[in-house]
There are 2 protein chains.
Amino acid sequence: MWLRVDPRLSVPVYQQVVDGIKAAIASGLLRPGDRLPPVRELALELTINHNTVAKAYQELERERVIEVIRGRGTFVAARPSGRPPDYEERVKTLQDEMRRIWIEAYHLGLDADTVQEMFRAAAPGAKDAKEGTGDAVGRRGEIADEDA
Amino acid sequence: MWLRVDPRLSVPVYQQVVDGIKAAIASGLLRPGDRLPPVRELALELTINHNTVAKAYQELERERVIEVIRGRGTFVAARPSGRPPDYEERVKTLQDEMRRIWIEAYHLGLDADTVQEMFRAAAPGAKDAKEGTGDAVGRRGEIADEDA
DNA sequence: CGTTTGTACTATGCGTAGTGGTACACATAG
DNA sequence: CTATGTGTACCACTACGCATAGTACAAACG
């Protein structure tokens, strides 16, 4: 299974589901149009409550990451479709988290270049190549899968 | 005041205090040996409970960021003194957060180069110059002028 | 001694996360 | 039409963390 959750972690289980699915999409494991497991089925596999899965799906739908069709199922949405809701806010949050990382790195005594390198290495592409011209984050390789 | 907290935010107040003080140190606003306000005094200024401030101070002491002397006060510790406790764990957490940022950036439709640039801009040094050889994060020379 | 400081403790309120169970609304297939 | 599969909406309940409030204790210092 491409998803695992751990109730002992401090991050909420439903958030782990959200993050996991987003990661699977960003890495190309899930592609636009792919169908996600039904809430009850996924709940069974993860040994959590179906309400928890539902909460995750609702958050993902709110972020336009998936599309939900009542009675049919949930599907991976067709790409970062335009500007998701709260775009500005989320970018700001991203910047805040970046600053927080730098501060944390400082208190760990990490070298600035090391931090930069760590960040590059954390990218979904996960390669040392530079090549970085203009294509979207993740899935550098077979990026030509716009809609499905 | 170099510290503000907002109880409406989802991040806990005591954590905001921790982060704020760490930021103040990383930016050079607070320097090793500087004395922090007494718990009750800071609690008054921030309009929070003294227990909350105490919790923040305890966390900061656990991370070797400050030093506490009963009856005297709390002081900024003398630099990232060697390896703080949970060093390995915290580095791993840092890497997790970096991956999370990349994933979030992907779903916001951000360009990889843009993300890299955002990250560089979020550094405590906050300049566009490169110069970044080998010195620790933040406080390169004199340049620390970030708010907190 | 008394003051200043951090710490410890108890009690209380509050919000969120998670579970468990049930019921409803919609889509599709027979 | 019914039956099934799907997401959704409730409800009740538990557990935990955050924060407050008040009080008391412990260590340092003059």
Side-chain angles (χ1 to χ4, degrees), chain A residues 3-22 25 30 33-78 93 100, chain B residues 3-22 25 30 33-77 85 93 100:
Chain A
L3 224 186
R4 281 175 217 153
V5 293
D6 187 346
R8 294 168 304 177
L9 300 183
S10 62
V11 36
V13 175
Y14 85 91
Q15 189 65 53
Q16 295 181 43
V17 176
V18 169
D19 293 342
I21 290 177
K22 284 208 232 170
I25 295 174
L30 287 178
D34 282 356
R35 186 169 183 260
L36 292 173
V39 281
R40 296 166 232 257
E41 187 181 320
L42 186 52
L44 265 183
E45 287 199 37
L46 302 179
T47 343
I48 60 180
N49 194 273
H50 63 265
N51 289 320
T52 304
V53 178
K55 188 173 184 180
Y57 279 12
Q58 283 167 17
E59 172 62 15
L60 287 167
E61 191 194 23
R62 202 191 62 83
E63 297 182 16
R64 307 278 191 271
V65 173
I66 63 177
E67 285 175 6
V68 170
I69 311 181
R70 286 242 243 171
R72 288 203 53 213
T74 75
F75 306 85
V76 177
T93 302
R100 204 168 179 276
Chain B
L3 224 187
R4 281 174 218 154
V5 295
D6 187 346
R8 295 168 303 177
L9 300 182
S10 62
V11 37
V13 176
Y14 86 91
Q15 188 67 52
Q16 294 182 42
V17 176
V18 169
D19 292 342
I21 290 176
K22 284 208 232 171
I25 294 174
L30 286 177
D34 282 356
R35 184 167 184 261
L36 293 172
V39 282
R40 295 165 233 258
E41 187 181 318
L42 185 53
L44 266 182
E45 287 198 38
L46 301 179
T47 342
I48 61 180
N49 193 274
H50 64 263
N51 290 320
T52 305
V53 178
K55 188 173 184 178
Y57 279 12
Q58 283 168 19
E59 172 62 15
L60 288 167
E61 191 194 23
R62 202 191 62 83
E63 296 182 15
R64 308 276 193 270
V65 173
I66 63 178
E67 286 174 5
V68 170
I69 311 181
R70 285 243 243 171
R72 288 202 53 214
T74 75
F75 305 85
V76 177
T93 302
R100 204 167 179 277

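Predicted model only: the values in this text are computed from it and were never measured. Within every chain, numbering begins at 1; the chains are lettered A, B, ... in the order of the sequence lines, protein sequences first and strands thereafter.
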message: With side-chain contact (heavy atoms from CB on, under 4.5 Å) as the criterion, how do A/Phe75 and A/Leu36 come out once you've worked through the C-alpha distance, each side chain's angles and the decisive distance to 0.1 Å?
response: CA-CA 6 Å; A/Phe75 306 85; A/Leu36 292 173; over 6 Å; no
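- Atom CZ of A/Phe75 and atom C1' of D/dG7 are 12 Å apart (whole Å).
- Not a single donor-acceptor pair under 3.5 Å links the side chain of B/Arg40 to the backbone N or O of B/Asn49.
- Closest to the A/Pro12 side chain, of the nucleotides D/dG7, D/dT6, C/dA17, is C/dA17.
- Taking OG1 from B/Thr52 and CD from B/Gln16, the interatomic distance works out to 11.0 Å, rounded to the nearest 0.5 Å.
- For the pair A/Thr52 and C/dA17, the criterion of a side-chain N or O lying under 4.0 Å from OP1 or OP2 is not met.
- Two residues, A/Gly71 and B/Val68, neighbour DNA chain C, and the one matched to the more 5' nucleotide by heavy-atom proximity is B/Val68.
- Residue A/Gln58 has a polar side-chain atom (N or O) positioned under 4.0 Å from OP1 or OP2 of D/dA9.
- A/Glu59 contributes no side-chain N or O that, together with a main-chain N or O of A/Gln15, makes up a donor-acceptor pair within less than 3.5 Å.
- Put simply, CD on A/Gln15 is 13 Å from C1' on C/dT16, counting in whole angstrom units.
- For C/dT4, the OP1/OP2 oxygens have no side-chain nitrogen or oxygen of B/Arg40 closer than 4.0 Å.
- A straight line from CG of A/Leu42 to P of C/dT19 spans 12 Å, rounded to a whole angstrom.
- One interatomic measurement links the two molecules: CZ of A/Arg70 to C1' of C/dA23, which rounds to 13 Å at whole-angstrom precision.
- Between A/Thr47 and B/Leu36, it is B/Leu36 whose nearest contact on DNA chain C lies nearer the 5' terminus.
- Protein atom CG of A/Leu9 is 16 Å distant from nucleotide atom P of D/dC16, rounded to whole Å.
- When the nearest nucleotides of DNA chain D are assigned to B/Gln16 and A/His50 by heavy-atom distance, the more 5′-ward of the two goes with A/His50.
- The nucleotide whose nearest atom lies closest to any side-chain atom of B/Lys55 is, among D/dG7, C/dT7, D/dC18, D/dC18.
- Between B/Tyr57 and C/dG6 there is no side-chain polar atom (N or O) within less than 4.0 angstrom of OP1 or OP2.
- Separating the OH atom of A/Tyr14 from the P atom of C/dG18 is a distance of 7 Å, rounded to the nearest angstrom.
- Between B/Val76 and the choices B/Leu30, B/Ile21, B/Leu60, B/Val65, the side-chain contact (heavy atoms from CB on, under 4.5 Å) rule is met once, by B/Leu30.
- Taking only side-chain nitrogens and oxygens, A/Arg35 comes nearer than 4.0 Å to OP1 or OP2 of D/dT6.
- Following rounding to the nearest Å, B/Asn51 (CG) and C/dT12 (C1') show an atom-to-atom distance of 13 Å.
- Backbone-only engagement by B/Ile48 is indicated by non-hydrogen atom pairs under 4.0 Å involving sugar-phosphate atoms exclusively.
- Following rounding to the nearest Å, B/Asn49 (CG) and D/dT23 (P) show an atom-to-atom distance of 13 Å.
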